[in-house]
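Values below: every heavy atom of this structure, side chains too, minus hydrogens, waters and symmetry copies. Quick note on labels: first sequence line is chain A, next is B, and so on, each numbered from 1.
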There are 2 protein chains.
Amino acid sequence: MAQPAKRAETAKRVKGATPGTGRRAGLDRADMVAKAIELVEAEGPDALSMRRLATELNVATTTIYWHVGSRDELVTEIIRHQSERLAARPIKGKKPRDRIMSAATHIWESSIEHRAITSLAHQAGSSSLLQYPFEVVLATELEAAGLVGPEAALALQSIRATVTGFLVLALRDESSIPRDRRTTAVWAASEAELDRSTLDALATEPDLNKLFEITLQAVIDNHL
Amino acid sequence: MAQPAKRAETAKRVKGATPGTGRRAGLDRADMVAKAIELVEAEGPDALSMRRLATELNVATTTIYWHVGSRDELVTEIIRHQSERLAARPIKGKKPRDRIMSAATHIWESSIEHRAITSLAHQAGSSSLLQYPFEVVLATELEAAGLVGPEAALALQSIRATVTGFLVLALRDESSIPRDRRTTAVWAASEAELDRSTLDALATEPDLNKLFEITLQAVIDNHL
DNA sequence: ATCGGTCTGTAACAGTGTGCAAGTAACACT
DNA sequence: AGTGTTACTTGCACACTGTTACAGACCGAT
């Protein structure tokens, strides 16, 4: 037989202490996912390797495979788990315009808050899964603003792309990028024939939060 | 002594045929970069491994190291080389608004055209380097439109983020993402309380080109 | 003919995800 | 109490990654 894949839990066992004699690790698929999340949040997405996780769990690597199947499944599970955990934040504002903005900002803020897992999801190409619950809320607000069908979809996709862009810029690990290849550094070394003040401004780290707000508002207004 | 790092070219050699006796491969740093670009464009960024490139060049892996230093340097060189090669496309339009749009679209189109290298740059966190020449053009047009200093920088960064977002969505390799985790699939399986037509529209692959144009125009207008 | 810088190859280290076969412990049933 | 089945765990191995220490081979200059 292969793996359980579905949560087995055939036998009820206490997961805290080792159950029977001591051979069984007494660990659950859920335990692995939990530890994986812990690991990712503490040391970033790259720290998540099967061997590392196994060590952390005091278990052989293959045990993880038995429980979760593959690294890919593990990541998916992490994201699924995380997307459920995301606290449904209250939408602020009365006017549709403000409520949409609020819903969109939730994606941004939550993604930054759990930056490690967001990066992980992005790497795995599963950000859709992670952001889905937020997008449902967003879609609801869009419909409340009078947008339905293709119009609502267009607006949502437009917002999605914009948010994604800002997230990529905000979450990329600057510390892992050589100094001379960072955006500001590239502009600082620029010899382009532009106004001095423009060059200086471009060589300065932008305030992404402010920029996000300005840009997103324009994108949203474009659809209302 | 370590590596040359700087293009040595101490002795002038014909790089086509093996020069001396036959021991020397007669390969240049430039040859490695060229082959690497070829490889990346043909089989995607993940196909670029040092061993693979070495095989492709009929050379031992260490030879590559001697010439280019490290994988990271190789990637940087690829990007630098590519960013120079990028044909300076003519800006279309007479009105500043149109010319800015044209400049921004160049980034988009060129990135898609060389999607593999764009992805590579993105993975390595060096997209700044790659897009810099385009951004110079963009900045010039922004100044021509009357934006200078922080205002120009703000506009450029706003546009940069938007373009980045669309690029990420456009370039992520859908074929490597399991069907059930793709955006459209997630929405297709949705049970959210939304209008049927909205759900259907969200389950359909969006026309990113069109969406890009609409969104970017709004972002640009926001700064004029 | 020897010296030294320029290149190239062999072998190895440490790390990754993953598959296979074997083993042990716990349970169910006779 | 003994036996068989299932649930889990493990060690080993494979194929891959980037990178490096070391040992040479080649070549031009002295």
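Counting non-hydrogen atoms of other residues, nucleotides and ligands closer than 6.0 Å to CD of A/Glu77 gives a total above 12. Other residues, nucleotides and ligands contribute at most 12 non-hydrogen atoms within 6.0 Å of the CD atom of B/Glu213.
Computed from coordinates, the B/Arg29 CZ to C/dT6 P distance equals 15 Å when rounded to whole Å. What separates CG of A/Leu27 from P of D/dT9 is a distance of 6 Å, to the nearest Å. What separates CD1 of A/Ile64 from P of D/dT9 is a distance of 11 Å, to the nearest Å. What separates CG of A/Leu57 from P of D/dT10 is a distance of 10 Å, to the nearest Å. Distance, B/Tyr65 OH to D/dT17 P: 11 Å, rounded to whole Å. For the pair B/Asn58 CG and C/dT8 P, the computed distance is 12 Å after rounding to whole Å. At whole-Å resolution of the value, CE in B/Met32 and P in C/dC7 are 10 Å apart. Between the P atom of D/dT17 and the CG atom of B/Asp72 lies a distance of 17 Å, rounded to the nearest Å.
Using bins of under 30°, 30° to 60° and over 60° for the plane-to-plane angle, the ring pair B/His122/A/His122 lands in the perpendicular bin. Using a 30° and 60° split on the angle between ring planes, A/Trp187 and B/Tyr132 fall in the perpendicular class, above 60°.
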Listing time: all N or O pairs from protein to nucleotides 14-16 of chain C that are below 3.5 Å?
from	atom 1	to	atom 2	distance (Å)
C/dT16	OP1	A/Ser49	OG	2.9
C/dT16	O4	A/Arg51	NH2	3.4

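Residue B/Trp66 has its side chain nearest to C/dT8 when only C/dT18, C/dG9, C/dT8 are considered. Taking the side chain of A/Thr62 as heavy atoms from C-beta on, and the options C/dG19, C/dG9, D/dT19, the nearest nucleotide is C/dG19.
You'll find the side chain of A/Leu86 reaches within 4.5 Å of the side chain of A/His114, heavy atoms only.
Stem analysis of DNA chain C (at least three stacked-register Watson-Crick or G-U pairs, each with both distances under 3.5 Å) gives C:1-30 with D:1-30.
Residue-level contact check: A/Ser70 touches the backbone only, with heavy atoms under 4.0 Å from sugar-phosphate atoms and none from bases.
In this structure, B/Arg80 does not pair ionically with B/Glu84, as no charged nitrogen and carboxylate oxygen lie closer than 4.0 Å. With respect to the salt-bridge test (charged N to carboxylate O, under 4.0 angstrom), the residues B/Arg196 and B/Asp200 qualify. The pair B/Arg71-B/Glu73 fails the salt-bridge criterion, with no side-chain N (NZ, NE, NH1 or NH2) lying under 4.0 Å from an Asp/Glu carboxylate O.
Between A/His67 and D/dT9 there is a side-chain polar atom (N or O) within less than 4.0 angstrom of OP1 or OP2.
A/Arg160 and B/Thr183 share no donor-acceptor pair across their side chains, judged by distance under 3.5 Å alone.
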